[in-house]
> 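Mind looking over this structure? Questions follow.
Naming convention: chains lettered A, B, ... in sequence-line order (proteins, then strands); numbering from 1 in each chain.
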Amino acid sequence: MKLFSSNKFGAHAFLFLVICPALSAAEIQKNPLPPPANVKIDFDRDIRPVLENSCVRCHGPLKPRSHFRLDNRATALNGGDENTNDIVPGDSSKSLLIHYVARQVPDMEMPPTGRGNPLTPQQIGLLRAWIDQGANWNTTNQPAQLALTFAPTLRWIGVQGDQSKFRELEGVNDGFSGGIEHFFVIQQTSPDEKFSLEGRVIAPDQDIELKLAVDENNLGFVHAGFDEWRKYYDDRGGYDPAVIPPEFSLNRDLYVDNGRIWVDFGLTLPHWPQVVLGYEYDFKKGTESTLEWGDVNGVNIAPATKAIDEQTHIIKLDVTHDFDNWHLEDNARVEFYTENNRSDETNTWLGGAPVTQDNYHQVQGMNTLMLEKQIRDWWFLSGGYYYSRLEGSDFFNQTNSPNFEGGDPSAWSSGRITLRRESEIFSIASIFTPLDYLSFSLGSQNEWTHEEGFGASVPDFEFVTNSFTSADYDEFRSTQNANLRFTKIPFTVLFADAQSEEEIIGEYQQEDPAVLTNKTDVTSDRYNLRTGFNTSPWRWFALDAQYQRKYSNTDYNHLIDEFVSPFGDPTYTTPTNGYPAFILNRKIQSDEFETKLTLHPANWIRTTLTYQITATDYSSKTEPVFFGLSPGGPILDGHYDAQTYGFSTTLTPWRRFYFSGTFTYSQSRAVTANNGDPSVAPYRGNIYTLITTATYALNPKTDLQAIYNFSRAGYGQNNSAAGVPLGLDFTRHRLIAGLTRRFNARVSGSLRYEFDQYTEPSSGGVNNFTAHGIFATIAYNWP
Amino acid sequence: MKVARNAIAIRRPFVFEHEAMREGCTVCHDPHGSINQKMLVESDPNLCLRCHAQVQSFSGTILIGNTDHTPFLQMGTCWTAGCHTAIHGSNVDPRLRY
């Protein structure tokens, strides 16, 4: 939730001075202003830091409050809304700005409470002297009219071992690559006009980022960009020493390119609503590894792929406006999303398992309206309304192999499957600060969602025919929030948060009336409590601690629950045995405690110790299963717990030397009700992580840098006798050594060597790799 | 940003939606990072069984939704063994297999 200050310099000032001029004079007489400083003002030295630290965040070029800007002299002297005497050159006593920052005008204190520290009498004295001396803006620190940075780079990486695993983990290709690490051009054509272009282009990794911005203050802007990045995937399946060969590879270079192109046109006329009209195109195209496993002679260890082709066109319109101390914001979006994905669950060893293709299209329109107002100094009010409607359609195709379920080798196609979703959200919240040391907030949000799906002709692989499918889903969710913050105890903040949520769902699913019919009412109650403190009684000591509990309880009332087997199995022909309708209740309870101790005994050392412990229980209640397969009743489905210890330190014992290091150790386990099945082993293990960085300034022109990272995970499951071995064991070392040299004021260069070693015993070593890399970059800066 | 954009495809509606989707992504994924593919909190059947277990009558077998899953669990994880591959939802199969 955002907090906006009110239009302090504008409408309030106008009303105050016109309606209550006597009161204004009385207030000023009762509280004399700090005297002007008796110095010759240097704007850059005396005034600029005050304005930049305390004023420009709200009264800068971007959406200035009350349209009052303090980033250049012309707009500062113009004043804010309906007000021109905020700064009166030559007479600080008549300048409203001085009375506001001296906190002499009720409801007009600047900076507002909670938005920055009050100015000191010395700072106010400097501002007075500056205005009395003519409010000159004689800066020697004007931004350059033209500035640019250009940094070409060249890389070489050599990999021994599993090159595709290296690409997956590192996100870069091996071999030679290069391009522009970073470039930046900015042209300040006038105090109000600016053009900038920045970005990065690295090939052949498709690592591209371009941003273009043209800004004209008090008129508008055009912002545009393009970015693209590539995600690589390992092409190997799982590893099982009991199979010959123990691992399979597709021998393909798998990757997906992700990117977007976008442009925003903004209108920022003074006293008018700010309007932004934008368009964005997102894309995702390539082939990813969907499964770590596939089917090879009944032991599933082969890799599989999914061809991805997803595109989204987004049109947006954003309007923001401040009026009469209200802040209004409206965001409208229309999204056109298309997905043409193809899953190959096959592998060359089987000669063709199911190939599934999904052609999906959806159009979604949504609008968010938000209103905010600082009703009183102690009361901030906000509210919002969201509406969304989605229309989608899908065509499903599948080509089966002779080995497919039921031995059916045919091709299957669905007719048009339609989907629809409609959502509304209404929220209201208030933040109260009745006392300087006490604040609390209350909020409520209510959501309604309706979804429906329908297909007149959908493949039913169990009945080996096309069937009728229908689903309806209605949800109402109500969430209440309360937060409390208490700062009366010196150097200490106490806080407590509470959230409760009630949810009611009605759902109906039908697949060819004789096959599956489910009608279920769901009710859920959830709460989330959090409390804690942070204290820092001495400059060298800080302690944070917090405890959190999350709880949810869900009841399922299955009004209709029927499923009929296509194979004549009597187990499936009796009502009340559909899936997943056998679950009657589910509870999840999670407790978490974390603490952080920060010690800063001297300027050259800072250390942090952290500890976190969490535990979660999952339990449920199920229906009995016929023929005595299950008596039903309550069961503890699973338990999860984890502890994490952390230690980090930053050392600067000498002026030229900097060191930082972080060590983290965590252990966790997830145990579920496996009923003695040895193929389901507890998921438990440890992770060690060490990250260190050291920098040494060899001389004023040369820096040396070294980075060493280490990580080890032990989650492998040695249960190959009972099933496919799962889990992951690995050890990784990464060392970087480099130097940066500043050749002159404009040119610098860096040279870096990287060593990366990865070993994975849980894959029998087939994923191991060792990599060496050389990275060279030259940077040119002007001026 | 990248996660949010890719999540568009996942958060689309389905005729048959995995109920876990209603409770949020963090039920199965750790957005802070994980050693497992897809940022999964666990990469084995424990991830599914913590919600899908039920009292069994015969030791050594695992019955899920009236179907004996014991031989399937020996062939890998529930979503990667070629079975419940449409883990976020399906428009054609209530058991989320396609």
> Give, as side chain, backbone, both or neither, the part of A670(A) having an atom under 4.5 angstrom from any heavy atom of chain B.
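For A670(A), backbone and side chain are both near chain B.
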> Measure P634(A) against the heavy atoms of chain B and call it side chain, backbone, both or neither at under 4.5 Å.
backbone
> Where on L390(A) is there a heavy atom nearer than 4.5 Å to chain B: the side chain, the backbone, both, or neither?
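Contact with chain B is through the side chain of L390(A) alone.
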> Between H18(B) and H52(B), how do the two ring planes meet: parallel, tilted or perpendicular, split at 30° and 60°?
tilted
> Can you tell me which portion of Q717(A) sits under 4.5 Å from chain B's heavy atoms? Options are side chain, backbone, both or neither.
side chain
> Look at K38(B), E23(B), E42(B), E17(B) and state which one has the largest set of heavy-atom pairs under 4.5 Å with chain A.
E42(B)
> Where on R420(A) is there a heavy atom nearer than 4.5 Å to chain B: the side chain, the backbone, both, or neither?
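Neither the backbone nor the side chain of R420(A) comes within 4.5 Å of chain B.
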> Measure distances from N674(A) to the heavy atoms of chain B and classify the residue's part below 4.5 Å as side chain, backbone, both or neither.
both
> Does Y715(A) have its ring centroid less than 6.0 Å away from the ring centroid of Y683(A)?
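Aromatic pair counts; centres sit under 6.0 Å.
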> Heavy-atom distances under 4.5 Å only: say whether L63(B) touches chain A with side chain, backbone, both or neither.
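Interface part for L63(B): side chain.
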> Please determine if R526(A) and E503(A) form a salt bridge, counting it only when a charged side-chain N lies under 4.0 Å from a carboxylate O.
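Salt bridge present between R526(A) and E503(A).
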> Tell me, side chain or backbone of T622(A) under 4.5 Å from chain B's heavy atoms, or both, or neither?
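Contact with chain B involves the side chain of T622(A) alone.
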> Let me know if E452(A) has heavy atoms under 4.5 Å from chain B in its side chain, its backbone, both or neither.
neither
> Within 45 degrees of the ring normal and closer than 6.0 Å to the centroid, is that where the cationic atom of R12(B) sits relative to Y360(A)?
yes
> Less than 4.5 Å to any heavy atom of chain B: does that hold for the side chain of F395(A), its backbone, both, or neither?
neither
> Checking heavy atoms, do the side chain of E168(A), its backbone, both or neither come under 4.5 Å from chain B?
side chain
